[in-house]
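Below: one structure, written as structure tokens.
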Amino acid sequence: MDQSTQYGQMDFNLPHDMVSLPSKGLFYKPKKESLKVGYLTASDENILMSNIISQEGFVQTLLKQKIYEPGFDIHQLLNCDVEAILIYLRNTSFGDLYEFKVTDPKTNMKFDVSIKLDRISVKDAEQTPDENGHFDFTLPKTGKKVKLRLLNLGDTAFLEKLQEKYPQGMAAPIITSRLERTIVSIDGNMDREFISKFITQMPIIDSKEVRRFLKTCEPQLDLKRKVKAPSGEEVSIDFTFGVEFFRPFFSI
């Protein structure tokens with residue numbers, strides 16, 4: 001077992017807080033409305049300053065090291081909960097003011113923008129899952145009744161690696177692979193081979209409506225902002241949580 005896994009899976013008596021999860025833990029085993037999350041330490045700066053680790057690996061390494069919940073699989077975390085934990089880690093390390101640079105679309109010059117992270121709100125989901133964390137949906141074109149689940153950190157990592165396997169100019173089967181991980185059953189049939197075959201023949205309108213519906217099923221952090229550039233132009237921004245998010249001295 002590597003060191004990063006040990007930290008996340010052993011109940012060490014290290015300083016931590018309980019971080020509330022936007023998902024309320026409805027999709028996890030065990031169901032947890034909050035997780036023990038430790039503070040970033042001086043040794044964690046080695047990760048923050050590393051230019052070797054990928055963005056995907058960076059986030060997973062932080063979560064493994066800082067979630068102090070024995071037996072809890074970080075790969076089941078939904079995107080909204082990952083974002084909430086990353087914001088907590090940054091707030092407790094560098095403060096809640098996030099400053100970065102944005103390009104003025106009129107002059108192509110960069111200007112400074114600052115956001116108070118403690119003012120980020122959570123938009124609740126419009127749908128309620130069943131006891132298994134699944135959602136019922138009827139496909140509009142074929143009329144099939146499907147059970148759906150939300151993608152988690154493990155699914156996202158799988159799809160990113162799948163994309164990397166395909167050379168430039170060759171289409172990776174991202175849409176069908178995403179559907180295969182999303183659709184739990186079709187008219188009660190949970191056979192994976194049956195579901196995979198159905199997906200290859202699914203009308204586009206059904207595929208699009210599944211994605212649209214799932215967007216209403218997961219709580220979301222309100223990360224979108226509109227700012228006015230020096231030229232007077234209004235700019236829409238939507239920040240992300242890569243390595244630069246943890247480098248307040250890093251210019252975008």
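All values derive from a computational prediction rather than experimental measurement.
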Quick one: are Val235 and Asp104 in side-chain contact, heavy atoms under 4.5 Å? no
How far does [atom1] of [X] sit from [atom2] of [Y], to the nearest 0.5 angstrom?
X	Y	atom1	atom2	result
Leu139	Phe198	CG	CZ	5.5 Å
Ile74	Gln65	CD1	CD	10.5 Å
Leu78	Thr156	CG	OG1	9.5 Å
Arg211	Leu179	CZ	CG	7.0 Å
Gln127	Phe135	CD	CZ	7.0 Å

[Y] versus [X], side-chain donor and acceptor atoms under 3.5 Å:
X	Y	answer
Glu180	Ser196	yes
Tyr39	Asp44	no
Asp73	His75	yes

Heavy-atom donor-acceptor pair, [X] side chain to [Y] backbone, under 3.5 Å:
X	Y	answer
Gln163	Ala172	no
Asp206	Lys141	yes
Glu126	Cys217	no
Asp17	Val19	no
Arg181	Leu151	no
Asn152	Leu77	no
Lys31	Leu26	yes
Thr107	Met109	yes
Glu69	Lys36	yes
Thr92	Leu89	yes

Is the Lys NZ or Arg CZ of Arg149 less than 6.0 Å from the centre of Phe27's six-membered ring, within 45° of the axis? no
With side-chain contact (heavy atoms from CB on, under 4.5 Å) as the criterion, how do Val102 and Lys110 come out once you've worked through the C-alpha distance, each side chain's angles and the decisive distance to 0.1 Å? CA-CA 5 Å; Val102 175; Lys110 291 186 179 297; over 6 Å; no
Would you sort out whether Val113 and Lys101 count as a side-chain contact (heavy atoms from CB on, under 4.5 Å), showing the intermediate values? CA-CA 6 Å; Val113 171; Lys101 293 185 181 295; over 6 Å; no
For Arg119, I'd like to know if atom CZ has over 12 heavy atoms of other residues, nucleotides or ligands within 6.0 Å. no
Could you walk me through whether Ser236 and Lys226 pass side-chain contact (heavy atoms from CB on, under 4.5 Å), step by step? CA-CA 4 Å; Ser236 296; Lys226 288 186 177 181; 3.7 Å; yes
Verdict with supporting geometry, Leu35 and Met18, side-chain contact (heavy atoms from CB on, under 4.5 Å): CA-CA 5 Å; Leu35 294 176; Met18 297 301 294; 5.8 Å; no
